[in-house]
Amino acid sequence: VGFKRPIVTFNRWKILRGDKVKIITGNDKGLTGTVKEVFRKRNKVIVEGRNLVKRHVKRTVDNLTGVVTKESPIHVSNVMLVDPVSGCMRSKCGFLQDGSKVRISVGTLATGSAIPRPACLAFKKVRLDGGPKNTLKDDVLERTYDPAIGLGI
């Protein structure tokens, strides 16, 4: 009856939205795909075009059958990050000379190079209401309280 939050959530996430990952267990074992969405509170990720399930929905003009195929979330422990250069799957976190944190590929076939952050993370999601809200006390009072009217009670 709904979603139950896991007891333990991962503190250190190596997998980000837009990363290329390989599925290591389940029906799609051995297949690779791009991470479409990350649910950190649920320890799950959605991989584009993988772990497909059928859902019954109400029929519409567009969907006459009433059955929709969509991606289902996969537990983060069942996917591994893939290095786009060497194809190596093991990675660790390290630091560069300037102190910035990066993901480094490790293993026998690995180049030891840094795995870049996905390009889609450079752009933040835009709010529909026009941007971040300014919550300074003076601005809030200026916009919400008119001394001439009072509290309006």
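Heavy-atom basis, side chains included; hydrogens, waters and symmetry copies ignored.
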Can you list the residues that meet the side chain to side chain donor-acceptor pair (under 3.5 Å) rule with [X], with sequence neighbours excluded?
X	result
Ser100	Asp98
Thr34	none
Arg103	Asp19

Run the side-chain donor-acceptor check on residues 69-79: report pairs under 3.5 Å with partners two or more places apart or on a different chain.
from, atom 1, to, atom 2, distance (Å)
Glu71, OE1, Lys36, NZ, 3.0
Glu71, OE2, Gly49, N, 3.0
His75, ND1, Ser77, N, 3.2
His75, ND1, Ser77, OG, 2.8
Asn78, OD1, Thr25, OG1, 3.1

Does anything in [range] pair up under salt bridge (Lys or Arg N to Asp or Glu O under 4.0 Å), and if so which pairs, sequence neighbours excluded?
range	answer
residues 109-122	none
residues 37-48	none
residues 49-61	none

Minimum heavy-atom separation for [X] and [Y], please, with both atom names.
X	Y	answer
Pro118	Leu16	CD-CD1, 4.2 Å
Cys120	Gly18	SG-CA, 3.8 Å
Val68	Val57	CG2-CG2, 3.4 Å

How long is the gap from [atom1] on [X] to [atom2] on [Y], to the nearest 0.5 Å?
X	Y	atom1	atom2	answer
Asn63	His56	CG	NE2	11.0 Å
Ser91	Met80	OG	CE	7.0 Å
Ile23	Thr32	CD1	OG1	8.5 Å

Who passes side-chain contact (heavy atoms from CB on, under 4.5 Å) against Val85, sequence neighbours left out?
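For Val85 the side-chain contact (heavy atoms from CB on, under 4.5 Å) partners, ignoring immediate neighbours, are Asp83.
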For Lys101, all residues meeting side-chain contact (heavy atoms from CB on, under 4.5 Å), sequence neighbours excluded:
Cys93, Phe95
Membership question, hydrophobic clusters at under 4.5 Å side-chain separation (ILVMFWY): are Val82 and Val47 in the same one?
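The answer is no; the residues belong to distinct hydrophobic clusters.
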Cluster check Val21, Ile24: I/L/V/M/F/W/Y, side chain < 4.5 angstrom:
no
Clusters formed by hydrophobic residues whose side-chain heavy atoms approach within less than 4.5 Å: which one holds [X], and what are its other members?
X	answer
Leu96	Val102, Ile104
Phe39	Ile46
Val53	none

